Chemist: 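Take a look at this one; I'll ask things after.
The structure displayed is predicted, hence computed values, not measured ones. So that the names make sense, note that chain A is the first sequence line, chain B the second, and so on, each numbered from 1.
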Number of protein chains: 2
Amino acid sequence: MNLENKHKEIHTHQECKTFILPVRDVLELIGGKWRLPIIIALSFQNHRFKELERQIVGITPRMLSKELKDLEVNGLVNRTVFDTMPVSVEYSLTDYGKSLDKVIETIRDWGVKHRTKIITDETR
Amino acid sequence: MNLENKHKEIHTHQECKTFILPVRDVLELIGGKWRLPIIIALSFQNHRFKELERQIVGITPRMLSKELKDLEVNGLVNRTVFDTMPVSVEYSLTDYGKSLDKVIETIRDWGVKHRTKIITDETR
DNA sequence: CTGTATCCCATGTGATACTG
DNA sequence: CAGTATCACATGGGATACAG
């Protein structure tokens, strides 16, 4: 069912809120400055903490730690501790996390067209 | 081309950044607390300023004004002034704004499944 | 190496009052 | 009606130092 048909069902504020809530969830899940870079980096390949810190230019250990924890809590990322000396920790995307790929790709498709449009508009 | 194939092309930080940028654009465009509610309200039907204020429970005129201006600048919303007394102003989605519907719908589909998953996980 | 603690600042948003 | 001005506050995120 597309958006237009959805609209025909929405008449109260409560229904409208219910409609928007799942979208907000996703936006919060992949929003913020560092979530997307982390997800993309991990979808490329698994990484250890320090590797991620190097891959994602500009991120501080504080933010990396915080965001990884959030992503893990939300089931998008796996954290695996290896009993080496000193300990090493590997982060990877869960299957669930990987399932976001098609969503991100859809967003990106529109975004690419949007960039093209903006450049066209500006140079005209 | 899907994400996995994209990844095979991404080897430098610059390329990765370029990959993410269009996604960030979209997230900024529809992110924030009020953009989505406004877009949804307008995709339902055109509205005047005061009508929007009533539709979108909790928004202040300050935020409504600011967000509408941003959406207009980005070409998602049309602002039409009618020369009545006093003036009335109608806001509507542009075709471009409407083209976001399928993106939002894709995000929402994943979000709905996500909600289901969370509830299932919690009650188990 | 894998993080955590602390402090600081910018930005987004809210409250309230006001204008054309 | 359609907004704007001003002030206030919470949150996100950065810098730096430190801990296990």
Chemist: May I ask you to evaluate whether B:Lys69 reaches the phosphate of D:dG3, defined as a side-chain N or O under 4.0 Å from OP1 or OP2?
Modeler: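 It does not, given that no N or O in the side chain of B:Lys69 lies less than 4.0 Å from OP1 or OP2 of D:dG3.
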Chemist: Rounded to whole Å, how long is the line connecting atom CD of A:Glu67 with atom C1' of C:dT2?
Modeler: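 A:Glu67 atom CD is separated from C:dT2 atom C1' by 17 Å.
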Chemist: Starting at atom CD of A:Glu51, determine the distance to atom P of C:dT2, rounded to an integer number of angstrom.
Modeler: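 Going from CD in A:Glu51 over to P in C:dT2 covers 8 Å.
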Chemist: Heavy-atom nearest nucleotide on DNA chain D for A:Ile59 versus B:Val89: which residue maps closer to 5'?
Modeler: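 It is B:Val89, whose closest nucleotide lies nearer the 5' terminus.
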Chemist: What is the distance, to the nearest angstrom, from the CD atom on B:Glu53 to the C1' atom on C:dA15?
Modeler: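 Checked: the CD to C1' distance equals 13 Å.
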Chemist: Using heavy-atom distances to pick each residue's nearest nucleotide on DNA chain D, tell me which of A:Met63 and A:Val87 is more 5'.
Modeler: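 Its nearest nucleotide lies further toward 5', so the answer is A:Met63.
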Chemist: Does A:Arg48 come within less than 4.0 Å of A:Glu51, counting only side-chain N to carboxylate O?
Modeler: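 Here A:Arg48 does not pair with A:Glu51 in a salt bridge, since their nearest N and O are not under 4.0 Å apart.
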Chemist: Just to be sure I understand the rule, does B:Phe82 reach a base, reach only the sugar-phosphate, or reach nothing, if contact means heavy atoms closer than 4.0 Å?
Modeler: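 Nothing, no heavy atom under 4.0 Å.
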Chemist: Flag the pair A:Lys113 and A:Asp109 as a salt bridge only when some basic side-chain nitrogen lies within less than 4.0 angstrom of an acidic carboxylate oxygen.
Modeler: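 Here A:Lys113 does not pair with A:Asp109 in a salt bridge, since their nearest N and O are not under 4.0 Å apart.
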Chemist: Starting at CG of B:Leu64 and ending at C1' of C:dA15, how long is that distance when rounded to a whole Å?
Modeler: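 Interatomic distance, CG of B:Leu64 to C1' of C:dA15: 16 Å.
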Chemist: So, is A:Tyr91 near the phosphate of C:dG3, with a side-chain N or O under 4.0 Å from OP1 or OP2?
Modeler: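 Yes, within the criterion.
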Chemist: Donor-acceptor pair under 3.5 Å: do we get one between B:Arg62's side chain and the base of D:dG3?
Modeler: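 Answer no: no donor N or O sits under 3.5 Å from an acceptor.
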Chemist: Using the salt bridge (Lys or Arg N to Asp or Glu O under 4.0 Å) rule, take A:Glu72 and A:Lys69 through it: C-alpha gap first, then chi angles, then the decisive distance, then the call.
Modeler: CA-CA 5 Å; A:Glu72 193 193 351; A:Lys69 204 169 288 172; over 6 Å; no
Chemist: Check whether any side-chain N or O of B:Arg48 sits under 4.0 Å from OP1 or OP2 of D:dA2, and answer yes or no.
Modeler: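 Indeed, a polar side-chain atom of B:Arg48 lies that close.
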Chemist: Any link between A:Ile59 and A:Tyr91 through a network of hydrophobic side chains (Ile, Leu, Val, Met, Phe, Trp, Tyr) touching at under 4.5 Å?
Modeler: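 A:Ile59 clusters together with A:Tyr91.
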Chemist: Can you find a side chain N or O atom of A:Lys66 that sits less than 4.0 Å from OP1 or OP2 on C:dG3?
Modeler: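 So the side chain of A:Lys66 is outside the cut-off, no N or O lying under 4.0 Å from OP1 or OP2 of C:dG3.
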Chemist: Check the distance between D:dA2's C1' and B:Asp83's CG and give it to me in whole angstrom.
Modeler: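 Distance, rounded to whole Å: 14 Å.
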Chemist: Starting from C1' on C:dC1, measure out to CD on A:Gln55 and report it in whole angstrom.
Modeler: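 Between C1' of C:dC1 and CD of A:Gln55: 17 Å.
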Chemist: Just to be sure I understand the rule, does B:Gly58 reach a base, reach only the sugar-phosphate, or reach nothing, if contact means heavy atoms closer than 4.0 Å?
Modeler: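 Touches nothing.
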Chemist: Of the nucleotides C:dG3, C:dC1, D:dC1, which one has an atom closest to the side chain of A:Lys50?
Modeler: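 For the A:Lys50 side chain, the nearest candidate turns out to be C:dC1.
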Chemist: Would A:Val81 and A:Leu52 show up in the same hydrophobic cluster when neighbours are defined by side-chain heavy atoms closer than 4.5 Å?
Modeler: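 Hydrophobic grouping puts A:Val81 with A:Leu52.
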Chemist: So, OP1 or OP2 of D:dT4: does either fall under 4.0 Å of a side-chain N or O from B:Ser65?
Modeler: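 For D:dT4, OP1 or OP2 has a side-chain N or O of B:Ser65 closer than 4.0 Å.
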Chemist: Out of C:dT2, D:dG13, D:dG3, which has the shortest distance to the side chain of A:Lys33?
Modeler: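 Taking heavy atoms from C-beta onward, the closest nucleotide is D:dG13.
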Chemist: How long is the line joining CG of B:Asp70 and C1' of C:dT13, in whole Å?
Modeler: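 That distance rounds to 13 Å.
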Chemist: Rounded to whole angstrom units, what separation is found between the CG atom of B:Leu68 and the P atom of C:dT13?
Modeler: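 Answer to the nearest Å: 14 Å.
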